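Input: a single structure, listed below in structure tokens.
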Amino acid sequence: MAVPLRRLHHVSLHVSNGQKLAYDLVSKYKFDLFATRITGGSRQVAFRKGAAVFVVNEKPGCGEEEAGGLDGVTPKHPTGLHRANAGRQGDSSPSILYDVHPRHPVDSVSNVCFEVEDVERSFKVLRHLGCRFLVPPTTVEDKDGAVTYSVVKSIVGNVCHTLIDKTKYAGSFLPGFNVSERDWSSEKEDEPCPVTHFDHLTYACPRKSTHQVMQWYEKLFGFQRFFIESNEDVDEGFVVNQDGVGLRLTAMQYWKCSEAGISLPFADKKEPDCKFVIAESLPHQGRNQVDTFLEHHQAAGIQHIGLYTKNIVSTANSMAEAGVQFFSPPPAYYTQVGKRQEIEEAGHDPQMLSQHGILLDTDLQQDPSSQRECSENKRYLLQVFTKPIFAEDTFFLELIQRRGATGFGEGNIRALWRSVQVYMENERRHSDGEGSAKTVQSAQ
Ligand SMILES: O=C(O)C(=O)Cc1ccc(O)cc1
Ligand SMILES: [Fe+2]
């Protein structure tokens, strides 16, 4: 039996320069810094935008090992599964909570933390199914109650999952963190960046690994296949093989309220949570974004995260004004007769979309269940992709606004790839000219 997931709680990043990323997340991507945990051994800082929460962990200095990251938890308690009060500041405080210090050589987004019903039980079930745990069930307390967590290695590269049970915790984030006083629940009406949650998370994986990854998530966490396109082949997935793009995409999702019928205080009906996309490259198609990621990241892993926004134009505008760089397709994209009409029929202005490289794809599938909200029965989605956010050409963010369309647009993927190629070509020319070894930097 799979372990049911309640919801995605946060995504954590491990970087060498936490201050730089904190600055970028707040000043450029408009996230709010809302919780910190700063000890002698580490800095953990949490940022939120709606329900999208990132925890940035600064990598400890050289020489510290993975086990050192758990200091005080596993080594001192090799058999005991509980360790109360670890969150209280003091000598016994572990250097990192709710995660491990990875030994990954480059900055990486490596932990997706899920809330589960029962961490002890999940641990037993998953261990029985062959999972490797980096942290056994561990309890952390503060004045607002207790949280139990455990960290399991996933089948994808350096990705881990923290499983967390917050049912006995009344605080607003996690024990051990100092949370700022502001009321984060209220949503501002005139919010220029209305990002509400993580829409999807995309893994870059080696060729032919998709089935194994899908099976792992199905068997262990009850994920279900989600067809990106109605005529998608079950085995082949959604294949984009045109214009020099050679990608195989397969998507899966889970439900916030599990099949087991658990009643949740925050979700009274079943609804899909964040989708997971597995991307692998097709052979003999030349370079592509997935291979670039695998090379620079030195492992399979989280290639990008789609942030759901209610207004992509305003979100992209305000992020761009603050210095975020987006990939833009060639200007001809917005003047092609078909695309221009498609954009206008969707009620958008091609000129506005072109300013920041926003792409639009219309979904022509017939699915009466989601046509209500769309004009003229057309479902579409708008996407825009940022340039990589770390020093290496690896992880990037995406903004996505959906109008009925639940999948991903093939046209958008091809347009994105063209933009990346133009960008890489310019970078190459630039670095050849300047004799610099630098690859991609999000600039400013
Ligand atoms: O379209 C999307 O948002 C996806 O997430 C699919 C995808 C996967 C990998 C790429 O390199 C580009 C696009
Ligand atoms: Fe995406």
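Remember, predicted model here, so these are calculated numbers, not experimental data. Just follow the structure's listing: the first ligand is 1, and inside any ligand the first atom is 1.
Using a 4.0 Å cutoff on heavy atoms, Leu247 counts as a contact of ligand 1.
No side-chain donor from either of Ser42 and Asn57 sits under 3.5 Å from a side-chain acceptor of the other. Of the N and O atoms on the side chains of Thr362 and Glu342, at least one donor lies less than 3.5 Å from an acceptor on the other residue.
With a 4.0 Å cut-off on non-hydrogen atoms, Asn288 does not touch ligand 1 at all.
Classified by interplanar angle (parallel below 30°, tilted 30° to 60°, perpendicular above 60°), the ring pair Phe276/Phe114 is tilted.
Ligand-side atoms of ligand 1 in range of Gln289: 10 (C), 11 (O), 12 (C), range being under 4.0 angstrom from any heavy atom. Remark: ligand 1 atoms within the under-4.0 Å shell around heavy atoms of Glu398 are 2 (C), 3 (O). Applying the 4.0 Å criterion to heavy atoms of Ile413 picks out, from ligand 1, the atoms 1 (O). Residue contact check: Gln383 has heavy atoms under 4.0 Å from atoms 1 (O), 2 (C), 3 (O) of ligand 1. Listed by number with element, the atoms of ligand 1 under 4.0 Å from a non-hydrogen atom of His200 are 3 (O), 5 (O).
Atom 9 (C) of ligand 1 has as its closest protein heavy atom Gln303 OE1, 3.5 Å. At the top of the distance list for atom 6 (C) of ligand 1, counting protein heavy atoms only, stands Leu249 CD1, 3.6 Å.
Because its NZ or CZ atom is both nearer than 6.0 Å to the ring centre of Phe34 and within 45° of the ring axis, Arg48 counts as a cation-pi partner of that residue. A cation-pi arrangement is absent between Lys387 and Phe396, since the terminal nitrogen or guanidinium carbon is not both under 6.0 Å from the aromatic centre and inside a 45° cone about the axis.
When ring centroids are compared, Phe123 and Phe133 come within the 6.0 Å threshold.
With the Fe ion (ligand 2) as the vertex, atom OE1 of Glu398 and atom NE2 of His304 span an angle of 90° (nearest 10 degrees).
A donor-acceptor pair is defined here as one N or O able to donate and one able to accept, closer than 3.5 Å; such a pair exists between the side chain of Arg248 and the backbone of Glu236.
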